[in-house]
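Accompanying notes for the structure given below.
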Amino acid sequence: MAVFVRKRGTKMVKAEHVNPFILSVCTVVKDVCKMDLKIGKPGVKKEEYPDDASIIELGIVGGLSGKVILNMEHPAALEIISKMMMQPVNTIDEIGQSAISELGNMIAGNAATVFASNNILIDITPPGYYDGSSYQGQGNQMLSIPFCSDAGSISVDIFIAE
């Protein structure tokens, strides 16, 4: 598979390490939330998020190590939680955080299955939910794959330490 182009000073990320997450996000969001996502142009970004972002962080261990972050605009997160809970949701409380964290688990589990079919065995750490104002990242350079939906923007930000 192709290797993503890198910006000066950043490591390359192999497409075979990213594509399972792209596929999983599109599949799980479509199946669970009945939402279509349009994939945007990938880019490299620093691990920083706006205060009103809803963030799910998942660690990767095993054959690969690093992290995957699902970054959602607040309206997109509310729409996803509403669809998962099958009722309108106006705020992200503990139940909403649990629901959207479970979406992260589903995406990561689906991706882990794709990796396993390619003989890369990984485990995923339990998800952590954060709003952008409370997220304390490590300042990694991450490959960010943006998606847009009728509910708002979502991105999958991936850091693989090789």
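Note that the numbering runs from 1 along the sequence shown for the chain. Nothing here was measured: the structure is a model prediction, and the numbers come from that model.
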Donor-acceptor contact present, side-chain T27 to main-chain L23, <3.5 Å: yes

Exercise: do Y49 and D131 side chains pair donor with acceptor under 3.5 Å: no

Whether over 12 other heavy atoms sit under 6.0 Å from I39 CD1: yes

Under 3.5 Å: donor-acceptor pair, side chain of S24, backbone of P20: yes

For the student: nearest non-hydrogen atoms of M84 and C33, plus distance: CG-SG, 4.1 Å

Note, F147 side chain near I22 side chain (heavy atom, < 4.5 Å): yes

side-chain contact (heavy atoms from CB on, under 4.5 Å) between L64 and I120, intermediate numbers included: CA-CA 8 Å; L64 297 172; I120 300 172; 4.0 Å; yes

L70 CG to E57 CD distance, which is reported to the nearest 0.5 Å: 10.5 Å

OG1 on T125 to CG on N105, rounded to 0.5 Å: 9.0 Å

Pairwise distance OG(S144) to NZ(K45) - rounded to 0.5 angstrom: 5.0 Å

Full working for side-chain contact (heavy atoms from CB on, under 4.5 Å) between L143 and D157: CA-CA 5 Å; L143 179 66; D157 302 334; over 6 Å; no

Donor + acceptor pair across side chains of T91, D93 (<3.5 Å): no

Side-chain donor or acceptor of S101 paired with backbone N/O of Q97 under 3.5 Å: yes

Co-membership, hydrophobic cluster, residues V61 and I107, 4.5 Å side-chain: no

C26 versus L37, closest heavy-atom pair with distance: CA-CD1, 4.3 Å

Validation row: V18, I145 side chains within 4.5 angstrom (heavy atoms): yes

Closest approach of M85 to A99 (non-hydrogen atoms, all atoms of both residues): CG-CB, 4.3 Å

Derivation of the ring-ring contact (aromatic ring centres under 6.0 Å, His included) call for Y129 and Y135: CA-CA 9 Å; Y129 174 85; Y135 183 73; over 10 Å; no

Common cluster, L121/I60, ILVMFWY with side-chain heavy-atom separation under 4.5 Å: no

Linked, directly or transitively: I100 and V32 (ILVMFWY side chains, under 4.5 Å): yes

Student check: side-chain heavy atoms of K38 and S149 closer than 4.5 Å: no

Point-to-point distance, once rounded to the nearest 0.5 Å, from CD1 of I154 to CG of L103: 8.0 Å

Approximate separation, where rounding is to 0.5 Å, of I81 CD1 and S54 OG: 6.5 Å

Contact check, side chains of I122 and I124, non-hydrogen atoms, under 4.5 Å: yes

I92 side chain near L78 side chain, heavy-atom distance below 4.5 Å: yes

Student check: side-chain heavy atoms of M106 and N110 closer than 4.5 Å: no

Test item: side-chain donor near acceptor, S133 and D51, under 3.5 Å: no

Side chain to side chain donor-acceptor pair (under 3.5 Å) partner of E47, the single match among Q141, K67, Q136: K67

Flag, side chain of S82 to backbone of P88, donor-acceptor distance under 3.5 Å: no

Residues M142, K46; criterion side-chain contact (heavy atoms from CB on, under 4.5 Å); working and verdict: CA-CA 6 Å; M142 305 187 81; K46 192 169 182 174; over 6 Å; no

Shared hydrophobic cluster, V114 / I158 (ILVMFWY, side-chain heavy atoms < 4.5 Å): no

Rounded distance [0.5 Å steps], OG in S153 versus NE2 in H74: 14.5 Å

With sequence neighbours excluded, residues passing salt bridge (charged side-chain N to carboxylate O under 4.0 Å, His left out) with E73: none

